[in-house]
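The figures that follow rest on heavy atoms only: side chains count, while hydrogens, waters and symmetry mates do not.
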Amino acid sequence: MYPVVPNTEQNQWLRERGCRDVELCFADVSGFARGKTLPREAFISGQTLRIARAVAIQSCVGEFPDYRFYGENDPDATLRPDMATLRPVPWASTPRALVLCDCVDLDGALTPFAPRSALKRVLAGYAARGLQPVVAPELEFYIFAANPDPAQPFQAPPLRSGRREVGFDSFSFTTLNDLEAFFDDVYRGCELLGIATDTWVHEMGPSQFEINLKHGDALALADQTFLFKTLLKETGNRHGLNVVCMAKPLAGQPGSSMHLHQSLVDRDGSNVFSDRHGNESALFHHFIAGLQMHLPKLMPLFCPSPNSYRRFVKGLAAPVNVSWGLDNRSVGLRIPQGGPEARRVENRLPGCDANPYLSLAASLGAGLLGIEDSLQPSAPAQGNVFKQADSELLPNTLDAALAAMQGADSVSRLFGEAFSLAYAAVKEVELQHFHGEITPWERRYLSLLA
């Protein structure tokens with residue numbers, strides 16, 4: 001494999017900024033940043049870095065599934081930098097840079113269970129049809145006070161008044177102003193990392209916020225979302241705050257989603273969800289039908305932890321169905337109002353805890369399967385689906401979702417058997433840990449039983 005080296009302009013940029021090191025990083029299946037760091041001159045010279053192939057499927061508890069899922073001899077993979085993603089590290093006190101990498105097996109092929117590889121595989125399927133997905137994620141998250149003891153509940157940070165926010169204060173500016181120093185640093189970090197932000201709002205929960213990223217190429221937006229979530233955590237740490245992207249960090253409060261807006265354009269940049277008369281196209285309906293057919297079997301990619309499923313509470317704007325409808329927030333697949341050139345599908349199922357590469361890969365992949373199989377959707381929903389008893393419910397635990405995924409071929413069709421088996425194995429490791437915990441609820445009530 002030939003070394004990947006920065007061009008002359010990038011070399012000059014690294015030296016002029018005084019970057020001491022370059023972080024070669026990638027997202028594992030949980031969305032954590034993993035990788036290695038090289039001295040600047042070693043990076044400029046094209047020094048190749050390898051890392052254990054298994055790191056891409058390291059579980060959130062730090063353990064790995066069995067060797068058979070990544071190679072009996074525990075082999076390496078090469079970190080291949082994508083030089084278009086070379087950026088300064090906003091949170092570094094000593095100047096350094098980062099570059100996002102693909103994990104490449106020693107035979108030169110992309111490591112099949114690495115999240116960036118999974119998304120690239122789906123995008124290649126669209127490219128073969130002359131299509132390019134355009135996406136825009138919306139991320140919700142909470143900002144809490146520092147929480148050194150995970151056994152204690154999260155708390156909103158104290159504000160200028162000395163009080164803590166109690167929530168249900170949507171679209172207000174007060175807390176944005178109270179946390180101005182934090183948000184100023186996030187804005188600066190977004191500029192340095194090339195993250196194109198759009199709307200910022202205060203959401204319903206106490207110290208809960210939403211950021212919309214501007215629409216664009218799916219791989220670029222997955223990279224930006226991964227970097228944005230990392231930026232939030234690092235900036236929070238610098239300000240003594242705990243930024244939490246859990247799907248449901250507070251009982252009785254709204255959860256945090258990562259809605260995905262999706263459309264498709266052809267080689268001329270025209271939105272193929274609309275026909276030449278501006279009406280809904282056949283391809284648009286195939287895409288929606290693919291989501292309806294396959295999303296219930298891909299839920300562990302959108303909702304990857306036991307906590308993810310606590311978010312699905314009727315009446316708190318979290319969908320528990322795969323109905324679709326125009327400008328309807330009770331459905332899982334919302335079609336926002338807009339002209340023919342802006343026709344898109346908003347997938348409202350993913351939580352903010354989802355890996356952005358895998359959630360985009362699964363959502364776009366489900367639509368691709370619908371196009372390949374010429375599927376037809378149900379009739380669009382009318383009214384509030386939450387109140388309709390016959391609305392189709394989704395799996396309500398990770399155990400049930402994982403069983404549904406393993407009983408279908410949706411994941412293997414999209415990403416291959418190696419990914420399908422490895423991802424399920426990671427979730428089994430995490431579930432074993434989760435079910436091994438004794439919770440405060442059990443101690444509170446079950447200890448009283450005679």
Side-chain angles (χ1 to χ4, degrees), residues 4 7 80 82-86 100 102 104 108-110 112 114-138 194-196 198 212-226 259-295 298 324 333-347 356-377 410 413-416:
V4 179
N7 60 35
R80 185 174 68 195
D82 180 345
M83 288 302 180
T85 67
L86 184 64
L100 300 182
D102 288 308
V104 180
L110 291 175
R116 207 168 191 256
S117 305
L119 178 56
K120 282 190 166 185
R121 178 166 170 155
V122 170
L123 297 181
Y126 278 106
R129 292 176 169 269
L131 298 173
Q132 178 184 0
V134 176
V135 304
E138 300 176 350
I195 299 170
D198 198 2
N212 299 341
L213 302 187
K214 290 186 177 179
H215 66 273
D217 172 79
L219 182 61
L221 264 295
D223 288 341
Q224 288 184 38
T225 305
F226 164 58
H259 297 163
L260 302 175
H261 292 254
Q262 308 154 97
S263 60
L264 301 175
V265 297
D266 59 21
R267 290 188 177 94
D268 296 325
S270 298
N271 187 339
V272 297
F273 282 171
S274 301
D275 64 20
R276 61 191 182 90
H277 302 293
N279 301 315
E280 297 173 355
S281 67
L283 194 144
F284 174 70
H285 291 140
H286 297 332
F287 186 91
I288 291 174
L291 297 179
Q292 290 188 306
M293 170 70 73
H294 295 284
L295 292 192
L298 297 169
W324 72 284
L333 305 172
R334 174 175 172 261
I335 314 303
Q337 290 278 11
E341 70 286 348
R343 182 167 280 122
R344 61 194 186 275
V345 181
E346 178 190 2
N347 179 356
Y357 297 98
L358 296 182
S359 55
L360 278 169
S363 191
L364 293 170
L368 180 62
L369 293 180
I371 293 170
E372 289 178 351
D373 298 339
S374 299
L375 299 180
Q376 294 299 322
S410 303
R413 278 185 68 185
L414 288 172
F415 311 122

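- Partner of S359 under the side chain to side chain contact (heavy atoms under 4.5 Å, CB included) criterion, chosen from L298, L260, L119: L260.
- Q262 meets the side chain to side chain donor-acceptor pair (under 3.5 Å) test with S363; sequence neighbours excluded.
- L360 and A222 make their closest contact through CD1-CB, 3.9 Å (heavy atoms, listed as atom of the first residue, atom of the second, distance).
- In this structure, N271 and P340 approach most closely via the heavy-atom pair ND2-O, 3.7 Å.
- Side-chain contact between M83 and N7 is absent, with no heavy atoms from C-beta onward closer than 4.5 Å.
- The CG atom of N347 sits 8.5 Å away from atom NE2 of H259, with the distance rounded to the nearest 0.5 Å.
- Applying the side-chain hydrogen bond (donor to acceptor under 3.5 Å, both in side chains) definition to pairs two or more places apart or across chains, those involving residues 275-284 are E280-H285.
- Although no hydrogens or angles enter the test, the distance criterion places a donor-acceptor pair under 3.5 Å between the side chain of R121 and the main chain of L414.
- By the 4.5 Å heavy-atom criterion applied to side chains, L369 and M293 are not counted as neighbours.
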Counting only pairs under 3.5 Å, give me each side-chain donor-acceptor contact of residues 122-133, with atom names and distances, residues two or more places apart or in other chains.
| residue | atom | partner | partner atom | Å |
| --- | --- | --- | --- | --- |
| Y126 | OH | L364 | O | 2.7 |
| Y126 | OH | L368 | N | 3.1 |
| Q132 | NE2 | D217 | OD1 | 3.1 |

Mind running side chain to side chain contact (heavy atoms under 4.5 Å, CB included) on L86 and L100 for me, showing each step along the way? CA-CA 7 Å; L86 184 64; L100 300 182; over 6 Å; no
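- For the residue pair A196 and Q224, the shortest heavy atom distance occurs at N-OE1, 3.0 Å.
- Checked by atom type and distance alone, the side chain of T225 never pairs as donor or acceptor with a backbone atom of P356 at under 3.5 Å.
- Put simply, the side chain of V134 does not reach to within 4.5 Å of the side chain of L264, judged on heavy atoms.
- Here the straight-line distance linking atom OG of S117 with atom CZ of F415 works out to 11.0 Å at 0.5 Å rounding.
- The shortest distance between side-chain heavy atoms of R116 and D223 falls below 4.5 Å.
- A donor-acceptor pair under 3.5 Å is formed between the side chain of D266 and the backbone N or O of D268.
- H261 places no side-chain N or O within 3.5 Å of a backbone atom of E346 that could act as its donor or acceptor partner.
- Here the straight-line distance linking atom CZ of R344 with atom NE2 of H215 works out to 9.0 Å at 0.5 Å rounding.
- Using modelled atom types, no side-chain atom of R343 and backbone atom of Q337 make a donor-acceptor pair closer than 3.5 Å.
- Using a cut-off of 4.0 Å between Lys/Arg side-chain N and Asp/Glu carboxylate O, D198 and K214 are scored as not salt-bridged.
- Classified by interplanar angle (parallel below 30°, tilted 30° to 60°, perpendicular above 60°), the ring pair F284/W324 is perpendicular.
- Although no hydrogens or angles enter the test, the distance criterion places no donor-acceptor pair under 3.5 Å between the side chain of Q376 and the main chain of H286.
- Contact of the V272 side chain with the V265 side chain is not registered, since no non-hydrogen atoms from C-beta on lie closer than 4.5 Å.
- Contact record, A218 with V135: CA-CG2, 3.7 Å, taken as the closest heavy-atom pair.
- At least one side-chain heavy atom of L221 sits under 4.5 Å from a side-chain heavy atom of P137.
- Taking CZ of F287 as the start and CZ of F273 as the end, the distance is 4.5 Å to the nearest 0.5 Å.
- The closest donor-acceptor contact from the side chain of D102 to the backbone of V104 lies at 3.5 Å or more, if one exists at all.
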